[in-house]
Amino acid sequence: MLLAGKVAVIFGGSGAIGGAVALAMAREGALVHLAARNQQKLDATAERIRSEGGTVSTFTVDVLDEQATQRRVAQLAEQTLGIDIVVNATGFMHQQGKHLERLSLAEFKQGIDPFLTAQFIIAKSTAPYMGGKRDSVMLNVVAPAAAIAMPGHLGHIVGCAGMEAMVRALAGELGPRNIRVLGVRSHAIEGAVEAGSYTGELFAEKAQAMSLTVDEWLGGAAQGTMLKRLPTLEQVAGVMTFLASSSAGAMTATVVNVTAGVTLS
């Protein structure tokens with residue numbers, strides 16, 4: 001097993017991506033701890049993992065609350081004696097579609113502030129319990145906007161670019177402590193909306209503006225990739241599981257492209 005006995009903490013663990021990653025890592029032997037704001041959704045994800053024989057626990061936390069996150073992570077680390085893998089799969093509703101002349105400052109910051117705040121707080125809260133003799137890794141899920149010029153997505157583009165920059169900055173700072181930091185850049189993901197992803201609401205607005213259904217909009221997004229298909233939840237989770245393993249032990253300070261070719265870098 002790729003992750004046998006590894007302690008994995010997945011923030012956003014009740015979401016579509018976080019849940020898929022948790023299941024994939026549990027299948028590879030990781031001891032999974034899921035964190036999110038909604039206990040009912042966490043329980044549903046945990047039950048699926050347990051039904052396949054995985055080891056999982058849950059805790060509720062708002063990752064935008066620095067003190068609460070630090071406290072809950074410290075409690076967990078005391079129980080586990082350290083952390084090997086941290087996954088940031090959190091997401092926040094934000095404005096997509098308004099051009100500069102109609103976009104307010106508050107709407108612009110929706111695509112930046114919560115994403116970078118969560119990334120910072122998660123890293124700061126978990127890093128003290130990682131690295132050293134443990135080969136540790138932080139994984140961050142990032143949308144592809146940083147590498148695409150899309151009118152009407154100012155805050156989203158800047159937020160994604162900031163997350164990718166923070167991956168590199170954190171890698172440089174934490175590398176000497178034996179902590180790798182990576183990003184996984186994915187396009188719209190096949191199956192995510194059906195799995196309850198908040199992106200369903202974002203995509204619905206985009207589709208409605210074009211007089212399309214969400215399925216039709218996603219079909220168009222698939223045709224815009226080199227492979228003429230979208231990445232699946234299982235593929236994204238599989239890549240992240242590999243990146244967390246010793247097989248990827250020389251990888252850090254980079255953003256792995258899982259966009260089916262919609263971006264080149």
Side-chain angles (χ1 to χ4, degrees), residues 1-13 17-18 21-36 49 54-90 115-142 162-184 237-256:
M1 289 186 170
L2 287 176
L3 306 178
K6 297 285 188 179
V7 175
V9 185
I10 300 176
F11 294 90
I17 297 176
V21 172
L23 184 60
M25 289 188 174
R27 285 171 175 164
E28 291 295 336
L31 311 176
V32 174
H33 303 271
L34 305 177
I49 293 170
T55 301
V56 60
S57 71
T58 67
F59 63 97
T60 57
V61 71
D62 180 354
V63 294
L64 301 182
D65 184 330
E66 183 175 359
Q67 291 185 345
T69 304
Q70 289 181 336
R71 183 172 60 253
R72 295 308 299 269
V73 170
Q75 292 170 347
L76 175 64
E78 184 177 0
Q79 298 169 11
T80 62
L81 304 180
I83 299 170
D84 301 295
I85 302 163
V86 169
V87 176
N88 173 16
T90 59
F115 292 91
L116 295 181
T117 297
Q119 190 175 10
F120 173 84
I121 289 175
I122 288 170
K124 185 174 181 178
S125 299
T126 58
Y129 311 104
M130 304 175 71
K133 294 182 179 180
R134 311 176 80 106
D135 294 324
S136 300
V137 60
M138 293 182 182
L139 301 172
N140 297 271
V141 180
V142 187
M163 288 189 70
E164 294 194 6
M166 193 178 292
V167 164
R168 295 186 290 272
L170 284 170
E173 185 165 327
L174 299 178
R177 294 160 59 178
N178 198 23
I179 303 173
R180 299 185 292 120
V181 186
L182 294 160
V184 175
V239 168
M240 295 184 73
T241 300
F242 167 77
L243 293 175
S245 74
S246 60
S247 295
M251 295 181 67
T252 194
T254 192
V255 178
V256 178

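Only a predicted model underlies this, so the values are computations on that prediction, with no experimental measurement involved. For reference, positions follow the sequence shown, starting with 1.
- When every heavy atom of L174 is checked against every heavy atom of A127, the shortest pair comes out as CD2-CB, 4.3 Å.
- For the residue pair M25 and A244, the shortest heavy atom distance occurs at CE-CB, 3.9 Å.
- To the nearest 0.5 Å, atoms CG (L76) and CG (L81) are separated by 10.5 Å.
- Contact between A118 and V63 at its shortest, heavy atoms only, is CB-CG2, 3.8 Å.
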**Study point:** From CA spacing to verdict: side-chain contact (heavy atoms from CB on, under 4.5 Å), M138, V167
**Key:** CA-CA 9 Å; M138 293 182 182; V167 164; over 6 Å; no

Check your understanding: Under the side-chain contact (heavy atoms from CB on, under 4.5 Å) criterion, do V73 and Q70 qualify, and how do the steps go?
Key -> CA-CA 5 Å; V73 170; Q70 289 181 336; over 6 Å; no

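- Here the side chains of I49 and L34 are in contact, with some heavy-atom distance below 4.5 Å.
- In this structure a side-chain-to-backbone donor-acceptor pair under 3.5 Å is present from T69 to D62.
- Remark: the backbone N or O of G131 is paired with a side-chain donor or acceptor of S136 at under 3.5 angstrom.
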Check your understanding: Taking it one step at a time, do I85 and L3 satisfy side-chain contact (heavy atoms from CB on, under 4.5 Å)?
Key -> CA-CA 10 Å; I85 302 163; L3 306 178; 4.0 Å; yes

Exercise for review: Decide side-chain contact (heavy atoms from CB on, under 4.5 Å) for N178 and R134; before the verdict, give the C-alpha distance in whole Å, the side-chain angles of both, and the deciding distance to 0.1 Å.
Suggested key: CA-CA 7 Å; N178 198 23; R134 311 176 80 106; 5.8 Å; no

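- Panel note: side chain T252, backbone V181; a donor-acceptor pair is recorded below 3.5 Å.
- Shown here is E173, whose CD atom has no more than 12 heavy atoms of other residues, nucleotides or ligands within 6.0 Å.
- Note that the CG atom of L23 and the CD atom of E28 stand 11.0 Å from one another [nearest 0.5 Å].
- Taken to the nearest 0.5 Å, the CE atom of M1 stands 12.0 Å off from the OG1 atom of T241.
- In terms of heavy-atom proximity, M130 sits nearest to D84 at CE-O, 3.9 Å.
- Nearest heavy atom pair, residue A30 against residue A8, reads CB-CB, 4.3 Å.
- Residues V141 and M240 come closest through the heavy atom pair CG2-CE, 3.7 Å.
- With rounding to the nearest 0.5 angstrom, the NE2 atom of H33 is 5.5 Å from the OG1 atom of T80.
- If you take CZ on F120 and CG on N88, they are separated by 13.5 Å, rounding to the nearest 0.5 Å.
- To the nearest 0.5 Å, atoms CG (N140) and CD1 (I122) are separated by 7.5 Å.
- You'll find the side chain of R72 reaches within 4.5 Å of the side chain of T60, heavy atoms only.
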